[in-house]
**Student:** 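Submitted below is the structure of interest, expressed as structure tokens.
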Amino acid sequence: YAASLLPGTLERDIRDMDEVATVSPLVVRPVEMIKAGDPSRESFDMQLVGYDPEAELGGPLRVVEGKSPPGPDEVVIDKVLSERYGIEIGDRLVRGSKSLIVVGKSDQGDFIFTQVAYTNIETAANFLAIRPHNLRTFFLVTLNDPAEREQLLKRHIPGITLITGEEFADKTRARVTSNILPILIV
């Protein structure tokens, strides 16, 4: 699902559905980064999540240090990423000629093999050079009445697959674990 690219105009169409209370567009992409000043051989991978802070969906679950939401060219990183690579608030994370300033640390964004960093959706689109600029990876939706979930899931929207949060988590978990080769030392 992270490979999807959806037109940003879908946000308006989704928002116009009677069942929908909130829509939050997301841009999610894996990126290879380095901490400014570190040799390039010390790069690390992370999932960069661009979200709309005003929608209050899709951002860090809990900020444990620093500020949130991140402003332009700012990022909130998971504390495990901070610990693993010695990244602190105020450090710059670099990819090519672009960089993001770390302004906060979050909790619960560690997925064992990769960690998550959050920025606003405009910064993510610029940083990742997404063209056209309004493409999105996902739209998170809350409903006016959760009882209408099944009704909405049955609705056919050309080119769009509607799934629950549980289905998304299961599919993501399956994708991640299908790439794991267990190595046992006896």
**Student:** So, taking the atom named OG in S82 and the one named CG in D91, what distance separates them when rounded to the nearest 0.5 Å?
**Tutor:** 8.5 Å
**Student:** Could you give the distance from OG1 (T119) to CG (N126), rounded to the nearest 0.5 Å?
**Tutor:** 9.5 Å
**Student:** When you measure from the side chain of T142 to the backbone of T22, do you find a donor-acceptor pair of N or O atoms at a distance under 3.5 Å?
**Tutor:** yes
**Student:** Which pair of heavy atoms, one from G50 and one from A124, lies closest together, and at what distance?
**Tutor:** CA-CB, 3.6 Å
**Student:** Quick one: does any side-chain atom of S106 pair with a main-chain N or O of V63 as donor and acceptor, under 3.5 Å?
**Tutor:** no
**Student:** One thing to verify: whether R149 and E19 come together as a salt bridge, which I'm taking to mean a side-chain N less than 4.0 angstrom from a carboxylate O.
**Tutor:** no
**Student:** Would L128 and R95 count as a side-chain contact (heavy atoms from CB on, under 4.5 Å) if you check the C-alpha gap in whole Å, the side-chain angles of each, and the deciding distance to 0.1 Å?
**Tutor:** CA-CA 9 Å; L128 298 167; R95 178 180 186 237; 3.8 Å; yes
**Student:** If hydrophobic clusters are built by linking Ile, Leu, Val, Met, Phe, Trp and Tyr wherever their side-chain heavy atoms come under 4.5 Å apart, do V49 and V64 end up in the same one?
**Tutor:** no
**Student:** Distance from L143 atom CG to M17 atom CE, nearest 0.5 Å?
**Tutor:** 10.5 Å
**Student:** Nearest heavy-atom pair of A125 and H133: which atoms, and what distance?
**Tutor:** CB-CE1, 3.3 Å
**Student:** Please give me the minimum heavy-atom distance between V28 and T137, naming the atom from each residue.
**Tutor:** N-OG1, 3.0 Å
**Student:** Which pair of heavy atoms, one from L26 and one from G58, lies closest together, and at what distance?
**Tutor:** CD2-CA, 3.9 Å
**Student:** For the side-chain contact (heavy atoms from CB on, under 4.5 Å) test, which of L6, D52, L57 pairs with P25?
**Tutor:** D52
**Student:** So how far is it from R84 CZ to D78 CG, rounded to the nearest 0.5 Å?
**Tutor:** 9.0 Å
**Student:** Can V31 and L93 be said to form a side-chain contact (heavy atoms from CB on, under 4.5 Å), step by step?
**Tutor:** CA-CA 11 Å; V31 292; L93 304 182; over 6 Å; no
**Student:** Closer than 3.5 angstrom, by distance alone: can the side chain of D107 be matched with the main-chain N or O of K79 as a donor-acceptor pair?
**Tutor:** no
**Student:** Any chance you could lay out the side-chain contact (heavy atoms from CB on, under 4.5 Å) test for F127 and L48, step after step, and finish with the verdict?
**Tutor:** CA-CA 10 Å; F127 189 80; L48 184 63; 3.7 Å; yes
**Student:** Any idea how Y118 and Y51 line up, ring-wise: parallel (<30°), tilted (30 to 60°), or perpendicular (>60°)?
**Tutor:** perpendicular
**Student:** With distance as the sole test, does K35 use its side chain to make a donor-acceptor pair with the main-chain N or O of G86 at under 3.5 Å?
**Tutor:** yes
**Student:** How about E56: does its CD atom have over 12 heavy atoms from other parts shown lying under 6.0 Å from it?
**Tutor:** no
**Student:** Quick one: list whatever passes side chain to side chain contact (heavy atoms under 4.5 Å, CB included) with P132, sequence neighbours left out.
**Tutor:** N134, L135
**Student:** Rounded to the nearest 0.5 Å, how far apart are CD of Q115 and CD of E83?
**Tutor:** 10.0 Å
**Student:** Report the C-alpha distance between L10 and R136 in whole Å, list the side-chain angles of each, state the deciding distance to 0.1 Å, and finish with yes or no for side-chain contact (heavy atoms from CB on, under 4.5 Å).
**Tutor:** CA-CA 9 Å; L10 277 176; R136 303 297 182 241; over 6 Å; no
**Student:** Would you list the atom pairs, donor with acceptor, under 3.5 Å between side chains in residues 66-75 and any protein atom, with sequence neighbours excluded?
**Tutor:**
residue: K67; atom: NZ; partner: E74; partner atom: OE1; Å: 2.9
residue: E74; atom: OE1; partner: G71; partner atom: N; Å: 2.6

**Student:** Output the distance between atom CG (L81) and atom CE (M46), rounded to the nearest 0.5 Å.
**Tutor:** 7.0 Å
**Student:** Could you check whether atom CZ of R92 has more than 12 heavy atoms from other residues, nucleotides or ligands sitting under 6.0 Å from it?
**Tutor:** no
